[in-house]
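Notes follow the structure.
So you know, we letter chains A, B, ... as the sequences are listed, proteins then strands, and number each from 1.
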There are 2 protein chains.
Amino acid sequence: MAKVSMREVADRAGVSVGTVSHVVNGSSKVAEATAAKVNAAIEELGFVRNAAARQLRSGHSSSLGLVVLDTSNPFFASVAHGARQACDEAGLALLIGDSGTDEQREGKYLDLFAEQRVNGLLVTPTGSDLSRLESIAARGTPVMLVDRDSNGYALSSVTVDNIAGGRMALDHIIAGGCRRPAFIGGPQSLPQVADRLAGATERALEAGLELPVHSTPELTILAGRDAGEKVVGLPADQRPDAVFCANDLLAVGFMQAVIMFSDLSIPDDIAILGYDDIDYAFSTIVPMTSVRQPAALLGRTAVETLLQENASASDAHHDRRFTPELVVRGSTRPV
Amino acid sequence: MAKVSMREVADRAGVSVGTVSHVVNGSSKVAEATAAKVNAAIEELGFVRNAAARQLRSGHSSSLGLVVLDTSNPFFASVAHGARQACDEAGLALLIGDSGTDEQREGKYLDLFAEQRVNGLLVTPTGSDLSRLESIAARGTPVMLVDRDSNGYALSSVTVDNIAGGRMALDHIIAGGCRRPAFIGGPQSLPQVADRLAGATERALEAGLELPVHSTPELTILAGRDAGEKVVGLPADQRPDAVFCANDLLAVGFMQAVIMFSDLSIPDDIAILGYDDIDYAFSTIVPMTSVRQPAALLGRTAVETLLQENASASDAHHDRRFTPELVVRGSTRPV
DNA sequence: CAACATGATTGAAACGTTTCAATCAGATGT
DNA sequence: ACATCTGATTGAAACGTTTCAATCATGTTG
């Protein structure tokens with residue numbers, strides 16, 4: 001039975017509940033002798049303070065809520081990991097919700113977190129309408145968008161520049177001497193995918209090149225393999241000499257198809273470039289060149305920025321944007 | 001400001017707080033007209049009930065705590081995923097802690113969860129001394145060990161039979177006609193690794209074979225690659241014709257080494273068998289044969305069993321053990 | 001020795017729900 | 001018209017803390 005309250009500790013130690021509270025929280029000077037007695041009583045009775053009562057009285061919860069699109073995606077797993085670390089350091093609990101890109105599930109988690117009176121909300125929203133989040137923020141719960149622009153809405157955000165990432169990828173491909181790049185990825189309804197493509201296209205045009213798109217239904221290894229199978233089947237004069245994949249899973253699948261279904265050499269006949277730099281990316285047969293997103297840092301920064309804004313009491317919104325970083329390995333031609 | 005309470009809703013609707021509570025929870029018949037008035041008031045004022053007060057009064061929290069060794073390990077990620085789904089279905093919140101195999105961090109999460117008065121605890125303990133968990137269970141919070149035997153302790157557990165898994169692996173290797181198997185894995189301080197090896201050794205001996213062990217410091221792709229590099233460097237008459245790797249990450253690394261540093265064909269010259277059957281396992285160049293652990297099911301079952309035990313009020317402990325399943329793909333010789 | 005500062009301790013009021021016995025207003029049966 | 005019953009509503013206590021003004025000892029100062 002975890003039914004021992006401060007009342008009983010107080011009785012046992014021959015002292016008042018107020019005093020017990022003070023020694024538990026160090027909120028006020030307590031004589032050493034009394035503190036010892038109280039601690040002894042706590043030990044004997046196995047007292048653990050009740051978070052609910054504590055929070056009810058003090059009005060806030062010392063916890064943060066995080067809602068991501070898919071926890072089994074390595075990128076979001078890293079984001080969550082970084083966020084959790086930051087929370088641990090700040091002595092906060094982190095509640096994690098997985099929306100599975102379902103707006104309804106996202107809503108359920110927002111409700112749940114609202115009832116918990118979380119100190120703040122970190123969200124990668126599924127839909128494009130952020131008005132609910134905006135009104136939550138307006139009602140006093142700080143909201144931080146993660147990997148999603150606040151554009152227009154009165155919300156703070158922490159993102160990685162996908163347009164720059166796209167440019168970076170094509171930059172490298174072009175510098176390696178490739179003249180027939182292609183983009184593999186989809187669906188384009190994902191802002192992340194669309195932006196990477198936009199940046200890449202922009203850079204290609206500057207070099208006087210086209211950037212044909214091979215659409216995929218999702219961002220998985222299998223989808224990448226399918227795309228790869230099609231691409232290597234193209235006649236040599238239509239086949240790209242470099243592909244930029246919207247994420248690493250696609251790139252891994254694409255690479256497999258190239259190896260299984262063709263004799264093309266990587267990177268000489270065809271260069272492959274991924275995005276995210278997930279842990280498995282460097283462990284492909286031909287180590288993968290990739291645009292690294294600082295996923296864990298994203299999560300950590302989201303938490304830290306939110307806490308800062310919370311503390312500063314000014315309700316200004318910040319948009320923190322990271323720049324991705326190209327990690328060159330063997331799957332693309334050296335410059 | 002989320003500072004609107006039932007009191008204000010009640011005033012607004014011209015009704016008592018009790019009634020508001022009833023309509024919010026459906027705990028008692030309320031006339032349709034009154035309910036409508038109350039709901040209108042709730043809507044207008046933007047009332048969200050306060051979980052802390054609710055829990056304080058009702059005494060329990062409708063949440064579960066999960067502490068795993070490492071959330072970035074795909075196996076535990078799946079376990080967590082399964083657990084979360086089961087919790088969602090039961091209307092429970094799932095708090096996740098990541099101990100990072102650090103006993104102190106594990107303890108911190110146990111403290112935190114105790115303060116939250118979670119309805120139950122799912123733990124993959126780091127150390128071998130489970131007495132703390134035992135006393136938590138004795139104090140009334142149901143505890144479920146995940147992927148860890150309860151042996152001796154008065155605790156429930158949900159596990160996958162690692163000894164059977166080890167036997168299964170060797171069974172398949174032997175049936176494929178291999179006569180010189182080897183085990184790749186470590187550290188042996190992990191019960192999971194030790195048990196897999198034990199089962200495999202047992203089966204090998206039955207077939208009159210030895211099972212040499214190539215120890216690895218950890219269960220990662222890189223460690224597997226290092227091991228593979230050494231193994232393919234052995235003279236042909238000492239080289240194994242089949243390796244059983246303690247998990248898939250090792251197996252993936254091992255396969256890479258074989259392909260990069262030798263001309264051996266997989267599976268004819270050397271068969272490779274992994275463990276876990278993580279999502280990335282089937283997407284290796286030569287698709288990986290692996291011993292599948294029902295990770296998500298493990299998490300789900302842990303939650304469900306815990307809830308059942310909770311409901312049944314009898315404090316009997318159950319040990320639920322799953323049997324793993326061999327998934328045969330191209331990296332081993334067909335039978 | 002009185003007055004006072006200092007530090008430790010106490011008591012009681014809140015926090016926002018749930019819950020349950022008690023009340024109330026109608027409807028039903030006699 | 002009276003008693004009875006039913007279903008809807010209410011009021012107030014309780015949950016376990018925190019917090020703050022008030023009290024209580026002690027030692028210090030004029």
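Computed from coordinates, the Leu56(A) CG to dT19(D) C1' distance equals 13 Å when rounded to whole Å. Here dT19(C) presents its C1' atom at 13 Å from CZ of Arg54(B), a figure rounded to the nearest Å. Here dA8(C) presents its P atom at 7 Å from NZ of Lys29(A), a figure rounded to the nearest Å. For the pair Met6(B) CE and dG16(C) P, the computed distance is 12 Å after rounding to whole Å. Atom CD in Gln116(A) sits about 14 Å away from atom C1' in dG16(C), given to the nearest Å. Nucleotide dA14(D) holds its P atom 14 Å from the CZ atom of Arg7(A), rounded to whole Å. Between the P atom of dG16(C) and the CD atom of Glu115(A) lies a distance of 15 Å, rounded to the nearest Å. Here dG16(D) presents its C1' atom at 15 Å from NE2 of His22(A), a figure rounded to the nearest Å.
Listed candidates were dT19(C), dT10(D), dT19(D). Nearest to the side chain of Thr19(B) is dT10(D). Of the candidates dA8(D), dT17(D), dT10(D), the closest approach to any side-chain atom of Ala31(B) belongs to dA8(D). In this structure, the nucleotide among dT18(C), dT18(D), dA8(D) sitting nearest to the side chain of Arg57(B) is dT18(C).
Taken to the nearest 0.5 Å, the CD atom of Gln55(A) stands 8.5 Å off from the CZ atom of Arg117(A). Here the OG1-CG distance, from Thr301(B) to Leu122(B), works out to 11.0 Å after rounding to the nearest 0.5 Å.
Side-chain atoms of Ser156(B) come within 3.5 Å of backbone N or O of His318(B) as a donor-acceptor pair.
Residues Asp319(A) and Ser150(A) have side chains that bring a donor and an acceptor to within less than 3.5 angstrom of each other.
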